[in-house]
J.: 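Once you've had a glance at the structure underneath, I'll fire off some questions.
Chain naming here is simple, since letters A, B, ... match the order of the sequence lines and numbering starts at 1 in each. Bear in mind that the values here come from a model prediction, so they are computed numbers and not experimental data.
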Amino acid sequence: MSTVPHAPGQFGPYGGRYVSETLMPALEELAAAWERFSRDPTFRAELDRLLREYVGRPTPLTEAAQLADQVARAQGRRLRVFLKREDLCHTGSHKLNNCVGQILLAQRLGKKRIIAETGAGQHGVATATVCALFGLPCEIYMGAVDVERQSLNVFRMQLLGAKVHSVKDGTATLKDAMNEAMRDWVTNVGTTHYVLGTVAGPHPYPTMVGELQSVIGREARVQIQAATGRLPDACLACVGGGSNAMGLFRGFLDDPGVRLFGVEAAGEGLDTSHHAATLGKGRPGVLHGARSYVLCDDDGQIAEAHSISAGLDYPGVGPEHSYLRDTGRAVYLAATDQEALDACRLLARCEGIIPALESAHAVAGLPRVAAQLPDGASVIINISGRGDKDMGTIAKYFGAEVSS
Amino acid sequence: MTNAPGSPFPSRIAGAFARARSQGRKALVLYLTGCDPDFETSRRLLLAAARAGTDVLELGVPWSDPSADGPAIQAAMRRALAAGGGMGKALDLCRAVRADNAEVAIVLFGYANPIFVRGAAKFAAQAKQAGADGALCVDWPADEDPELAQALSQQGLDLVPLIAPTSTPERVKAIAAVAGGFLYYVSLTGITGSQLPNLGEASARVRQVRELSGGRLPVAVGFGIATPADARAVAGFADGVVVGSAAVRVIERAVAAGRDPVPELEAFVRDLRAALG
């Protein structure tokens, strides 16, 4: 089944460009530039070189035999689990895949200044990194709550020469950082490129970021076949805005035998109001420039999301995920804060890999996914980032055990 | 009917601009956030603004994520939401103002999600029933998705669009083709409440917008107009002047000091109106 957009930027009834008029011409320009350069051999060659020599691609596909064993034994079955190691990308997450592509595009558009929003700080760090590499001034918008819980990444961005704006408006998290980045962009649109960090936002961002992240799925497809001689039975990834999941899924969308699972943040539980399960509990709406599922009340006011992981703490989601949800091509689960913390520790103890709390949500979904698969199935989990940035948060929960 | 009984104009908004023209002056368009600081005070503020000479009221629908607005209107929306404001209350407010004033044109001004969640057709029907004359949706471009424009048109309501300094000639033509009431030219690339820019460029752009739209609709200019002197300067080349953040700040100051904001807003609007001739 193909999920090629019906019209440019449309995924079924989702996507589009819902922005103020000031930004429309810039988005048209950006879409045209992406259309042109994404097919340009010189551009592709430069992008591929950066991905290889700077980002460190291809990232490995690591078999997680002990993790598989734990889950399989409990369920009385055989299982193979493979981890796509985006945590081994330079800067520690998949975010850099998108940033190198967008910075090359910004250069060709003649934009002299770069802005970005960030939740966990991973996208902010990746953007600040490419700006340092290309010598462009960089300003990052980050919610004040996230500045607090991801202070290590704030310092990394500053060390890389970026200016970090702490956004105190609204819920002071990712959605408010995006609002503020859009206010900056609308003011400086002539000189500035907005490096949006996920597959949300107005067209062409969901398409462009999805294509730039699709390198994850392309590599994984080749790697899993080399390892097992066949395609996987399922792919599993966490979903906030959804860029790492879309990147993995794109490698397998047209393979009906490969089941696709996204894991959203259930926060303190789906039966509470403290979660970020936009696809699980939200409804179609318009947020940050696109039609997609949103968490909002009957009046249309956007709800406050909650997740222990700043990168999933977002009441919206990319429009392609909304489409995959409605068509049933992908299935979306949710994992609570506690389940993510437990999964984080499990992966650390089983495999010696400490995932970001975002990626830990994907690991937490493994038992439920495995239970739906045939005996001897193989699963790819996208480890979208490493957990170093979350040590403060994790220590708060496991404090006594970690220090003992 | 949208227009007053027996009116020769296609809508109350068109009538408001025509009346101003016949009086040898430019139209005053005033933005206030609905339910700021609360429903009843907001109702009195809107009626006072009309009484003091506002030709077109833009009734702002509070939204949680106003990404095109600057600090003044963001704060107004926070106050309004805290007071229970939103789309539902904005429609109630519109109905309440209309019950006491049959003349002033009212445009519901807001963001897409509260309209989308309700459904564009239902929103348009409710807006009509509440006595509104049109709607302006900041982040719902009519050429991108015609659903709202069609829904408003079916109810005989005007879709008031924004035109920006960045709008290409093709976009201006396409936008004007589905617009009603007036064209709102945004004087700057930026958010509401920014500094008034160089007016030479805005003046030239307004002339261009008139040409591209065939002069079918009046052109009002907004963003950055804070004082009677600003209003007078912009009135030199526009058919109407929009004031928003500055009016919202008058309310904010009075409320913060524990005063009733109604007399201060009324005086502010009278000064603006006097500056328009």
J.: With respect to chain A, which residue among B/Val186, B/Asp69, B/Thr168 yields the maximal number of heavy-atom pairs within a distance under 4.5 Å?
T.: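 Counting heavy-atom pairs under 4.5 Å, the top option is B/Asp69.
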J.: Under a 4.5 Å heavy-atom cut-off, does chain A meet the side chain of B/Ile115, its backbone, both or neither?
T.: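 When you check distances to chain A, no heavy atom of B/Ile115 falls under 4.5 Å.
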J.: Quick check on B/Pro66 against chain A: is it the side chain, the backbone, both or neither that has a heavy atom closer than 4.5 Å?
T.: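 Both the backbone and the side chain of B/Pro66 come within 4.5 Å of chain A.
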J.: With only heavy atoms counted, which part of A/Pro284 is less than 4.5 Å from chain B, the side chain, the backbone, both or neither?
T.: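 For A/Pro284, backbone and side chain are both near chain B.
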J.: Taking the six-membered ring of A/Phe37 as reference, does the NZ or CZ atom of A/Arg108 fall below 6.0 Å from its centre and within a 45° cone about the axis?
T.: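 The answer is yes; both the distance and angle limits are met.
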J.: Please determine if A/Asp298 and B/Arg118 form a salt bridge, counting it only when a charged side-chain N lies under 4.0 Å from a carboxylate O.
T.: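 The answer is no: the pair does not qualify as a salt bridge.
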J.: Tell me, side chain or backbone of A/Val19 under 4.5 Å from chain B's heavy atoms, or both, or neither?
T.: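 Backbone only.
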J.: For A/Asp297, is it the side chain, the backbone, both or neither that has a heavy atom under 4.5 Å from a heavy atom of chain B?
T.: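 For A/Asp297, backbone heavy atoms alone lie under 4.5 Å from chain B.
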J.: Salt bridge check: are B/Arg207 and B/Glu201 linked by an N-O gap of less than 4.0 Å?
T.: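 No.
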J.: Hey, which of A/Gly285, A/Cys296, A/Gly289 has the most heavy atom pairs under 4.5 Å with chain B?
T.: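 If we count pairs closer than 4.5 Å to chain B, A/Gly285 comes out on top.
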J.: Hey, are A/His275 and A/Glu268 close enough side-chain-wise for a donor-acceptor pair under 3.5 Å?
T.: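 Checked: A/Glu268/A/His275 side chains show no N/O donor-acceptor pair below 3.5 Å.
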J.: Given the options B/Pro141, B/Ala68, B/Gly86, B/Ser167, which has more heavy-atom pairs under 4.5 Å with chain A than any of the others?
T.: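 Among B/Pro141, B/Ala68, B/Gly86, B/Ser167, the one with the most close pairs to chain A is B/Pro141.
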J.: Verify the ring-centre separation between A/Tyr205 and A/His288: is it less than 6.0 angstrom?
T.: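 No, too far apart.
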J.: Crowded around B/Lys89 NZ? As in, over 12 foreign heavy atoms under 6.0 Å?
T.: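 Open.
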J.: Check each atom of A/Arg283 against the heavy atoms of chain B and say whether the ones under 4.5 Å are side chain, backbone, both or neither.
T.: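 It is the side chain, since no backbone atom gets that close.
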J.: Are the charged groups of A/Glu21 and B/Arg171 less than 4.0 angstrom apart, N to O?
T.: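 Answer for the salt bridge query: yes.
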